[in-house]
Asker: 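Below are the structure tokens for one structure; questions will follow.
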Amino acid sequence: MDLQKALLSIRSIGLPASLRTIRYTLLRDRLERQLRPHRKGRRALQPITPGLVLTTRLIPSGARFHFERADLEVIFLAPDLVRITWQIFPQTRNTKTPISYVEPTQGFANNYALARHRWPDVTDKWQADLEEMTFSSRAMQVIVQGDGGLIFRSLDGKILREELPPEYLDGVTTHRALLQPEEHIYGLGERTTALNRRGGNFRMWNSDPGGHYGIGKDPIYICVPVYLSLHSQGAYLAFYENAYPADFSFETTAEARFEGGLLRYYIIPGPLPRALERYTELTGRPELPPRWSLGYHQCRWGYKSDSDIRQVAAGFQANDMPISAIHLDIDYMDGFRVFTVNRQAFPNLKELAAEMEAKGIKLVAILDPGVKQDPQYEVYREGRKKGLFCKLPKGQVLHGLVWPGWAAFPDFTNPKTREWWGSYYLRLLEAGIAGFWHDMNEPTSFTAWGDMTLPLTTRHDFDGRGSDHREGHNLYALLMAQAGYEALRLHCPHRRPWLLTRSGWAGLQRYAWSWTADTETSWEALRMTIPEVLGLALSGLPFSGPDIGGFSGGPSAELYLRWFELAAFLPFFRTHSAIGTPPREPWVFGEPTTHIVRDFLRLRYRLMPYLYTLAWQTSQAGHPLVRPLFWADMADRRLWDVDDAFLLGESLLIAPVVEQGQLSRRVTLPQGHWYNFWDDTLYTGPGEPEIPAPLEQIPVLVRAGSVLPLAEGECLTLHVFAPPKGVTPAIPPATLFSDSGDGYGPSRVDHFHLRPTPSGFELTCQSEGEYPFPYKTVMLQWHGVTVRQAQVDGVETQVTDNCFEGGPFSRIEVTI
Ligand code: MIG
């Protein structure tokens with residue numbers, strides 16, 4: 001296997017580069033050998049368990065327990081947020097001397113994942129029974145058993161989660177919770193398996209799959225140790241604040257095996273949307289992104305000069321296709337030196353950016369963390385002089401191999417590194433770059449065999465406490481994103497930051513979007529996009545999307561089109577492909593693809609008010625934009641496994657075509673009434689209707705009761721999808737968020753309430769905020785009913801084809 005990989009790499013990168021790779025890999029192996037003898041000496045045969053409980057003591061909002069071989073702390077940070085910390089000791093403690101609890105100061109990833117560190121004392125909101133070791137808040141109950149097992153119950157007495165006592169053996173801490181036979185598991189970050197993770201094994205170790213990947217590859221770029229459980233007794237979320245490599249599996253138990261660090265985790269009871277709100281309060285929510293980022297992005301590894309960029313932009317103009325951003329891949333750099341620009345290929349980046357800006361196109365530039373080892377190169381010199389790179393155990397700078405050849409890796413666990421690294425963004429900002437794209441940040445270093453990353457013994461600063469790459473690895477991209485985000489806030493305070501990153505960890509959503517990166521070009525990979533994006537969303541990362549058409553190959557027109565149709569409804573909407581693949585600008589496939597792609601591009605921009613509002617709502621409450629179908633009805637078990645369709649906000653159900661040649665498809669419909677977006681056919685759920693999907697459509701269903709805001713230039717059209725007679729729609733009032741699209745100026749929110757009246761419907765609008773209403777006209781288009789009469793704020797108005805002008809209004813009445 002390894003030999004084969006080595007030979008393959010010689011073929012693709014040439015002999016000198018391959019020899020370097022072998023040298024690096026040998027160095028890595030030598031360094032990692034130091035880890036081994038260490039372990040052997042004290043190999044225990046029996047796992048260490050906490051033993052029996054010895055003492056129990058109340059503390060503010062929680063309790064502490066001494067066991068024979070462990071300490072346990074249970075703290076309610078909020079009534080529905082419990083933090084558990086286990087410290088297991090190798091030896092049975094001496095009970096003759098008094099025992100004291102030592103607060104752990106390390107081993108839980110330095111709180112890097114957390115957005116919120118202080119929580120009010122909730123002692124008055126819970127009851128503790130020390131005898132029974134039972135603690136109840138107004139949201140849940142935690143029972144600690146004498147042997148260290150833990151039970152979490154909902155208030156009506158149902159068991160949400162039952163944990164076995166943790167075990168420690170040979171450096172590995174194993175934690176298990178029982179699973180119900182019907183229990184479903186979601187989350188764990190970006191994964192290539194079904195949305196329901198039950199039955200699977202998942203490694204926590206951010207990895208570049210190298211080249212391209214397909215179904216079943218694990219792990220890939222973004223591992224997040226958080227999962228959501230859904231079973232017949234309830235639902236909960238579990239988040240382990242431990243960045244060490246780990247293996248999670250979900251057979252009869254939910255098992256987590258950590259190869260280091262502390263067993264610290266958080267349990268949040270369901271319902272799941274509410275649990276995600278809490279989780280994103282703990283680990284953070286994204287800021288509202290600039291509006292342009294929700295538009296279409298075009299990219300390709302291989303746009304190598306300003307004239308390539310101009311040509312692409314001209315192509316969009318010539319084909320009458322809207323576009324918001326073009327990305328510059330590594331080819332714009334000078335010899336792959338990060339923060340430099342190749343002056344031959346891009347003699348005047350600033351001018352290019354200004355020219356693009358005038359066409360409404362932003363430029364996004366890629367950044368790789370590996371800094372070329374070149375004493376003539378400022379970034380390398382400075383980083384070295386200031387001691388900001390990752391180091392070998394004896395203190396020399398570590399060099400790995402990436403695109404520029406030998407390269408040093410900034411140590412982002414050092415706050416000084418983050419500040420220093422961030423200072424270079426200014427140069428590109430001044431050259432007109434609007435957003436940044438972090439790549440290779442797992443971090444990846446090319447190897448001839450084994451993991452493509454840094455040696456495990458590599459040293460990281462960890463805010464001065466020091467640790468090695470086992471703990472630092474999974475945090476690398478998160479902290480790089482933090483550096484980038486803080487740089488943009490600092491150097492560009494009037495614009496909202498936009499960052500895209502390949503790798504990350506819990507809490508990444510505070511700083512950056514992500515994409516599913518180097519997928520193979522295949523129908524399977526197209527289908528896999530849905531559970532990948534949903535898995536990220538359920539792990540707290542709401543903004544992601546695929547390389548449309550897959551990264552590695554040349555898609556057929558049909559595959560490209562179906563992928564495009566899917567991505568038009570995902571938060572991140574970008575075509576990208578590997579170097580050497582056939583051209584993939586959205587017009588190259590010719591008709592009928594070109595006009596269908598154009599229609600979907602336009603639809604995306606029409607949907608912008610809806611998408612932008614969803615993005616704003618995510619920043620407020622942490623609910624993802626795309627949601628699994630079970631979000632619509634948790635009690636409907638048919639929905640627990642659906643991962644070939646998704647919800648976009650409260651109103652839309654998207655059922656992409658993921659099979660070649662398919663011209664209609666079955667849609668698992670949640671309860672309620674659903675309109676076909678394309679022709680207003682009304683479907684009633686639960687059911688599994690077969691819905692037409694000619695090349696120019698994928699099934700898009702609108703929940704009855706929705707008021708869907710679509711932009712048509714300066715006009716806003718509110719599409720009202722009337723609920724059938726006698727049905728009160730189970731859908732919250734529609735919301736429309738507006739502001740200038742960037743920066744931190746005023747905003748407004750309009751709420752639309754739809755209510756049935758004896759003769760028809762009433763639609764009221766309530767507004768808040770200072771920003772002026774941004775549309776010249778408001779049209780109302782009704783679906784599912786025939787509007788006979790309409791009054792806008794008491795004034796009779798002309799109705800044509802169920803459509804009438806509403807101006808900005810406060811109350812509309814229609815008679816049907
Ligand atoms: O080793 O920058 O996932 O999007 O085009 C490949 C070149 C490096 C991997 C990214 C891909 C990007 C490519 N990069």
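Since the structure is predicted, the reported quantities are computational estimates derived from the model, not experimental observations. Heavy-atom basis, side chains included; hydrogens, waters and symmetry copies ignored. Counting starts at 1 for both ligands and their atoms, following the listed order.
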Asker: Does the salt bridge (Lys or Arg N to Asp or Glu O under 4.0 Å) test come out yes or no for R489 and E287, once each step is laid out?
Answerer: CA-CA 11 Å; R489 287 304 301 263; E287 193 184 322; 3.3 Å; yes

Asker: Is there a donor in the side chain of N441 and an acceptor in the side chain of T501, or the other way round, less than 3.5 Å apart?
Answerer: yes

Asker: More than 12 foreign heavy atoms under 6.0 Å from CD of E419: is that the case here?
Answerer: no

Asker: Could you check whether the rings of F543 and W513 sit parallel, tilted or perpendicular, using 30° and 60° as the cut-offs?
Answerer: parallel

Asker: Under 4.0 Å from a heavy atom of W515: give me the atoms of ligand 1 that qualify, with their elements.
Answerer: 3 (O), 4 (O), 10 (C)

Asker: Near I366, which atoms of ligand 1 are under 4.0 Å from a heavy atom of that residue?
Answerer: 2 (O)

Asker: Taking the six-membered ring for Trp, are H438 and Y425 parallel (under 30°), tilted (30 to 60°) or perpendicular (over 60°)?
Answerer: perpendicular

Asker: Quick one: look up the protein heavy atom nearest atom 2 (O) of ligand 1 and list residue, atom name and how far away it is.
Answerer: D329 OD1, 2.6 Å

Asker: Using a strict 4.0 Å cut-off to heavy atoms of M440, name the atoms of ligand 1 that fall inside it.
Answerer: 1 (O), 8 (C)

Asker: Heavy-atom contacts with F551 under 4.0 Å: which atoms of ligand 1 show up? List them by number with element.
Answerer: 4 (O), 5 (O), 11 (C)

Asker: Between Y476 and T453, is a side chain to side chain contact (heavy atoms under 4.5 Å, CB included) present by the stated rule, with each step listed?
Answerer: CA-CA 11 Å; Y476 196 83; T453 193; over 6 Å; no

Asker: In terms of atom number and element, which parts of ligand 1 are under 4.0 angstrom from non-hydrogen atoms of R502?
Answerer: 3 (O), 9 (C), 10 (C)

Asker: Considering non-hydrogen atoms of the protein only, which is the closest contact for atom 3 (O) of ligand 1, and what is the distance?
Answerer: D518 OD1, 2.5 Å

Asker: Determine, using heavy atoms of W437 and all atoms of ligand 1, whether some pair is separated by less than 4.0 Å.
Answerer: yes

Asker: Note the single closest protein heavy atom to atom 10 (C) of ligand 1, along with its residue, its atom name and the distance in Å.
Answerer: D439 OD2, 3.2 Å

Asker: Which protein heavy atom lies closest to atom 6 (C) of ligand 1, and at what distance to 0.1 Å?
Answerer: W403 CZ2, 3.5 Å

Asker: Could you list which atoms of ligand 1 come closer than 4.0 Å to a heavy atom of I330?
Answerer: 2 (O), 7 (C)

Asker: Identify the closest protein heavy atom to atom 4 (O) of ligand 1: which residue and atom is it, and at what distance?
Answerer: H576 NE2, 2.9 Å

Asker: Is atom CZ of R496 surrounded by more than 12 heavy atoms (other residues, nucleotides or ligands) closer than 6.0 Å?
Answerer: yes

Asker: For W515 and D547, what are the C-alpha separation, side-chain angles and deciding distance, and is it a side chain to side chain contact (heavy atoms under 4.5 Å, CB included)?
Answerer: CA-CA 7 Å; W515 87 111; D547 287 349; 3.0 Å; yes

